[in-house]
Amino acid sequence: MIDHVSVGVRDLERAARFYEPTLAALGLSRLVTRPRTVGFGKAYPEFWINLREAMPPVAPESGVHICLRARTTAEVDAFHAAALSAGGGSDGAPGIRPHDRVRYYAAFVTDPDGNRIEAVTFPSE
């Protein structure tokens, strides 16, 4: 149902340096580079970062996050490790999150602007 998503960033080059390795862990690469935006995806840009110099940092209590699908738990682990290595913060280490209706494996990170990004997979066991 959703075709693509975008997040605002205050420094496009810094954000691109964060997102390139972080999204590569999920099989996404930089596909489009323009003066004020960069698009990442597999076949077409599905995830965009857009320059917003005057944007304040995203407040942790905003409740907003974007979740990206991983194929395996190893991809979720790699996503989290890459994000931390690229200057992001952990907002939830990789692990199983059991809930009433579904059991899933996920990790949450924040980018240098405070955008909260999750990677998730649904292991069969």
Side-chain angles (χ1 to χ4, degrees):
M1 180 188 318
I2 296 172
D3 182 73
H4 63 275
V5 296
S6 302
V7 297
V9 299
R10 292 175 291 171
D11 181 327
L12 193 62
E13 287 308 311
R14 178 186 68 182
R17 286 191 308 272
F18 168 81
Y19 279 108
E20 281 187 270
T22 302
L23 297 178
L26 302 177
L28 284 78
S29 61
R30 185 193 286 218
L31 299 177
V32 175
T33 301
R34 297 181 185 140
R36 298 184 59 82
T37 190
V38 175
F40 299 87
K42 294 176 183 173
Y44 69 94
E46 304 166 59
F47 186 92
W48 293 89
I49 56 175
N50 298 309
L51 182 59
R52 302 290 184 262
E53 298 101 331
M55 178 184 91
V58 177
E61 64 275 3
S62 74
V64 175
H65 82 281
I66 294 170
C67 183
L68 304 171
R69 183 69 63 96
R71 290 182 300 243
T72 65
T73 57
E75 282 189 359
V76 173
D77 295 345
F79 162 86
H80 189 262
L84 298 184
S85 292
S90 178
D91 201 31
I96 291 290
R97 270 108 173 136
H99 287 278
D100 294 338
R101 296 185 56 190
V102 65
R103 177 181 172 268
Y104 63 97
Y105 189 92
F108 297 83
V109 300
T110 54
D111 75 4
D113 291 291
N115 292 300
R116 190 171 187 235
I117 311 296
E118 174 186 4
V120 67
T121 191
F122 297 89
S124 57
E125 193 169 305

Ring geometry between His4 and Trp48 (parallel below 30°, tilted from 30 to 60°, perpendicular above 60°): perpendicular
Heavy-atom check, side chain of Val9 versus side chain of Arg14, under 4.5 Å: no
Point-to-point distance, once rounded to the nearest 0.5 Å, from OG1 of Thr33 to CD1 of Ile49: 8.5 Å
Side chain Asn115, main chain Gly8, donor-acceptor under 3.5 Å: yes
ILVMFWY cluster, Phe79 and Ile66 together (side-chain gap under 4.5 Å): yes
Step-by-step side chain to side chain contact (heavy atoms under 4.5 Å, CB included) determination, Phe47 to Val7: CA-CA 8 Å; Phe47 186 92; Val7 297; 4.0 Å; yes
Co-membership, hydrophobic cluster, residues Leu12 and Leu28, 4.5 Å side-chain: yes
Side-chain heavy atoms of Val38 within contact of Tyr19, under 4.5 Å: no
Minimal non-hydrogen separation, Ala43 against Leu31, with atom names: C-CD1, 4.0 Å
Rounded distance [0.5 Å steps], CE in Met55 versus CG in Asp11: 10.5 Å
Salt bridge flag under 4.0 Å for residues Glu75 and Arg69: no
Same apolar cluster (I L V M F W Y, side chains within < 4.5 Å links), Val76/Leu26: no
